[in-house]
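Input: a single structure, listed below in C-alpha cells.
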Amino acid sequence: MSLYEQIKQKIYQRLEESLIKAQEAGELSFKEIPDFVLEEPRERQHGDLATNLAMTLTKQAKKAPRDIANILIANLNTNGTWITSCEIAGPGFINFRLNPLWLIEVIPEVIRQKEGYGAVNIGKGEKVQVEFVSANPTGLLHMGNARGAALGDSLATLLSMAGYEVSREFYINDAGNQIYNFALSLEARYLQQLGFDVPFPEAGYHGEDLIATVKRIIDKDGDKYVSMEEDVRRDYLVRFALEEKITGIRETLEKFGVFYDVWFSEQSLHSSGYVQETINELENKGYIYEKEGALWFKSTLFGDEKDEVIVRKNGIPTYFAADIAYHRHKFARGFKRVINIWGADHHGHVARMKGAMQALGNNPDNLQVILMQLVRLIQDGEIVRMSKRSGQYITLDELIDEVGKDAARFFFIQRDPDSTVEFDLDLAKSESADNPVYYVQYAHARLCSIMRQAKEMGYELSVEPSPEQLELLTSQEERDLLKKMADFPGEIALAAKMAEPHRIARYALDFASLFHSFYNSHRVLVDNAQLRTARLGLIISIRQVLANAMRILGVSAPEKM
RNA sequence: GCGCUCGUAGCUCAGGGGAUAGAGUGACGGUUUCCGAGGCCGGAGGUCGCAGGUUCAAAUCCUGCCGGGCGCACCA
C-alpha cells in the first residue's frame, strides 16, 4: 500500500472510532455507519483531505450536519495521523490539514523502487488475458485498429503494473466466408495480372495491396496455378497471402510498440474439432434446437433479443460458433478474467457471448468487453468513410509514418473508449507538435537535461537526500509535485480497477504541468548544497515517475528532443 | 420501430453523488543577462442537449423527450 493510502486508511479508521465513541457518550445516535468518502478537495483552501461523513449522517442522527461535524471532531483521536488541524466548512464538510512532512518520504520511495514505483498488487497474480485488434487478415490495419491497439496494449501494461499476470492475444480470423471471398479476389487478381479477362467478384476485396501480393506470387511461381484445379489454386493463393498479411500486421503492430504473447488461429479451432466439441457441449446442456434446417443457440435465455444460428443449413458453423469455442478455450486455458476490446459495431454480440459463457458454466462477469467507439477520420474538413471493401482507408503504417507512433498512441489513449473521436488527418500531419504527448516528452527531456548538467558540474546523482535536506522542499510547487507522485500508485490501482488507461494519460499531463510550473519558479542547481541535493532528489524522482507513466501509455521517454 | 451509446467553453476532450464544472487548442495581454520559451503567468469564454424525479447535495443516479453514432444476417 502506498504512503498516501496508509495515511488515508488511518484517518478513515479514526473517523469511525470517533463515531462510535460519540454514540457511546450519547452525543449521537445512528444505526449503521454510512458510506462516506475521504478525499482531496478540489480547492486547495479546503485543506489536504475532506470528508462528507457529517452530511451523510443527517438523516440517521436527526441533527444538522455542522453540529454532527463538531461532535465528530471533539471525539477524534488524531495521534499518529499527520493531522494538524480540522475545520468545519461549507454545508458540513470536515477539512483536514496534514503536516506536509509526510510527503518527503515519497522521494526515497521512488528512488528505491525505480521503474517499479507505482506498482500495486490488486491483481494478486491472477491470470488475465487481453485480446485486442484481432483485425481480419484480409487487409491492412486502419485507424480503428490503431485505437484498439493503443488501448489494448496500454490496458495490458496497466494491469501488469497492478499485479495481474497479463497475456496479450491476437485472434486470427483465418477461416470462414470472408476467407473464401478473399480467395476469390486473389484468384481474380492473379488471373488478371496474367492477362486473363476475368471479372472481379462483386463482394471482393478491392484493395491495391492484393494486386501487390499477387505480383509477388507471380514473381515466385509464375503462372503455374492457372492450369490447376480451382480448389488447389485458391488454397495456395490464400495460404501465401495470409502468411504475408499476418506477417505484415505483426510488423506494423511492433512498429506501433505492440507485442503479442499469443497469435491464435480460428482455423485451428475448426481443424482440431474444438468448435464441434463446443457445439456438442451446448447441445448436451439443452441450449441448442433445430429450426428450418439450422441449429440455433437459445441466447434469449440469457437476455439476448433473439436466438442465434450456430450451424447453418449447409452444415457449416457460423462465426458465432467459432467465437464461442474460442472464448471457451480461453477459460479452459486458465484465465480468470478475459478482456476483449471490440469496436462499437460489435456491441450486439456482447450479451450473447456472455450468455454462451454462462451456458457453458463460466461466470459471465469474468468476460469483460470494452467497446470502443469508431474513429471518425476528417480530411479536407470532411468525414472520410472508411471501408475495407472499397479499399479506402488510412492505414496504420501511414499513420505511424506521418503522425508518429508516440503522437498517435497518445492521441488515442487520452480519450475514453466510449467517446467517438475525430481524427483530423491534415491537422495531425501538419501540426503534430500540437499533440500533448510532446508536452509530456518535453518535460522528460528537460528533466534529463538538468541531470546532465548536474553531472557536468560534478554533482553526485546517486546520493539519496537525507530527511533533513528533503524538509527544505517547502514551496507550494514542490509540495504539489510530491503529492502528485504520492498519488501515482493510487491512480494505477483505480485505472486498473476501472480498466481505463486514459486516466494515466491525464495523470501524465497534469504531472508534467506541475513540473513545468516548478521549473519556471525555482532553480534546481543552486549553490546551497543542502537544497540542491534535495531538489536533485526531487527531479530524479519526477523523471522516474513520468517515465513510468509513459511506459504504461506506450510512448517513448526521450532524453533529448 | 427496438436495443446499445454519446451530447460539457468557438473547436478537441477530461470530470469517482459533494464546496466556485476543468484541461488542451484558438483569439488576446505579459514573460528570456539565470538548469531546454516545444515552457511559464494572466484575464476572456458555460442554460453541463431539454424536462421531470431520487438526494442534505446531481454534469454524475432514474424516467421521458430531442439530437448524433452504431447495431438489429443461416456476414464477420
Side-chain angles (χ1 to χ4, degrees), chain A residues 35-37 39 41-43 45-46 50-52 54-59 64-65 89-93 95 134 136 138 173 175-179 181 203 266 291-296 304-306 308-320 322-323 343-351 371 373-374 376 388 411 414-424 427 431 433-436 438-439 441-443 445-454 456-457 494 497-498 500 502-503 505-506 509-510 512-513 515-526 532 535 539 560-561:
Chain A
D35 281 339
F36 65 99
V37 295
E39 60 187 1
R42 200 173 28 188
E43 298 293 325
Q45 56 181 0
H46 294 136
T51 182
N52 63 349
M55 290 181 290
T56 60
L57 277 167
T58 47
K59 213 155 225 181
F93 289 99
N95 295 339
S134 298
N136 287 335
T138 52
N173 300 124
N177 262 337
Q178 53 163 4
I179 292 299
N181 268 334
E266 177 188 351
K291 192 180 89 182
E292 295 163 7
L295 289 187
W296 298 69
D304 200 8
E305 290 165 33
K306 58 182 202 53
E308 281 299 308
V309 170
I310 203 166
V311 179
R312 300 186 186 92
K313 196 165 22 181
N314 63 12
I316 298 172
T318 59
Y319 167 87
F320 182 48
D323 223 17
D345 53 339
H346 285 67
H347 71 246
H349 305 272
V350 177
L371 291 174
Q373 295 298 319
L374 303 183
R376 209 177 314 170
K388 199 164 275 189
F411 176 86
Q414 242 185 309
R415 283 143 170 94
D416 185 289
D418 269 341
S419 67
T420 44
V421 304
E422 283 193 1
F423 196 99
D424 189 320
L427 198 74
E431 304 171 58
D434 281 348
N435 191 303
Y438 296 101
Y439 184 81
Q441 290 182 320
Y442 184 64
R446 214 177 208 185
L447 285 154
C448 291
S449 171
I450 300 170
M451 288 162 67
R452 274 195 302 272
Q453 282 190 47
E456 279 168 25
M457 294 165 83
L494 181 63
K497 210 171 104 195
M498 317 258 301
E500 293 181 344
H502 73 270
R503 289 169 176 279
R506 175 68 36 184
L509 282 170
D510 291 345
S513 168
F515 164 67
H516 285 308
S517 294
F518 160 78
Y519 179 88
N520 279 280
S521 48
H522 304 282
R523 273 184 71 78
V524 174
L525 305 176
V526 290
R532 185 180 63 231
R535 286 196 173 150
I539 65 130
K560 290 178 180 175
M561 17 186 328

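First the proteins, then the strands, lettered A, B, ... as listed; each starts at 1. FYI, side chains are in, hydrogens and waters are out, and symmetry mates aren't considered; it's all heavy atoms of this structure. What you are looking at is a predicted structure, and each value in this text was computed from that prediction instead of being measured.
A donor and an acceptor atom never sit less than 3.5 Å apart when one is taken from the side chain of Asn177(A) and the other from the base of rA73(B). At a cut-off of 3.5 angstrom, counting only N and O atoms as typed in the model, there is no donor on one side facing an acceptor on the other between the side-chain of His516(A) and the base of rA37(B). Put simply, the side chain of His349(A) and the base of rG71(B) share no donor and acceptor less than 3.5 Å apart.
Remark: the separation of the P atoms in rA37(B) and rG43(B) is 23 Å, to the nearest Å.
Listed by chain and residue number, nothing satisfies the side chain to side chain contact (heavy atoms under 4.5 Å, CB included) test with Asp35(A) (two or more places apart in sequence, or in another chain). Residues satisfying the side chain to side chain contact (heavy atoms under 4.5 Å, CB included) criterion with Lys291(A), sequence neighbours excluded, are Tyr289(A), Trp296(A). For the side-chain hydrogen bond (donor to acceptor under 3.5 Å, both in side chains) test, no residue two or more places apart in sequence or in another chain qualifies with Arg506(A).
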Short heteroatom pairs, N/O only, protein and nucleotides 53-59 of chain B, under 3.5 Å:
residue, atom, partner, partner atom, Å
rC56(B), OP1, Lys59(A), NZ, 2.7
rC56(B), OP2, Lys59(A), NZ, 3.3

Would you tabulate the pairs of protein nitrogen or oxygen atoms and nucleotide nitrogen or oxygen atoms of nucleotides 20-22 of chain B closer than 3.5 angstrom?
residue, atom, partner, partner atom, Å
rU20(B), O4, Gln45(A), NE2, 2.7

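Ring-to-base geometry places Phe93(A) in a stacked arrangement with rA19(B) (centre distance under 5.5 Å, plane angle under 30°).
When distances are taken from the side chain of Lys560(A) to each of rA76(B), rG36(B), rC35(B), the shortest belongs to rG36(B). Side chain of Ser517(A), nearest nucleotide from rG36(B), rU12(B), rC40(B): rC40(B). Checking rA76(B), rC35(B), rG39(B) against the side-chain heavy atoms of Thr318(A) singles out rA76(B) as nearest. Side-chain atoms of Tyr519(A) lie closest to rA37(B) of the nucleotides rA37(B), rG15(B), rA19(B).
The CE-P distance, from Met457(A) to rC34(B), rounds to 14 Å in whole Å. Rounded to a whole Å, the CZ atom of Phe423(A) is 15 Å from the C1' atom of rC13(B). Here rC40(B) presents its P atom at 9 Å from OH of Tyr442(A), a figure rounded to the nearest Å.
RNA chain B forms stems at B:1-7 with B:66-72, B:10-13 with B:22-25, B:28-31 with B:39-42, B:49-53 with B:61-65, each a run of 3 or more consecutive Watson-Crick or G-U wobble pairs whose two key distances fall under 3.5 Å.
Side chains of Gln178(A) and Asn173(A): a donor-acceptor N/O pair is absent below 3.5 angstrom, by distance only.
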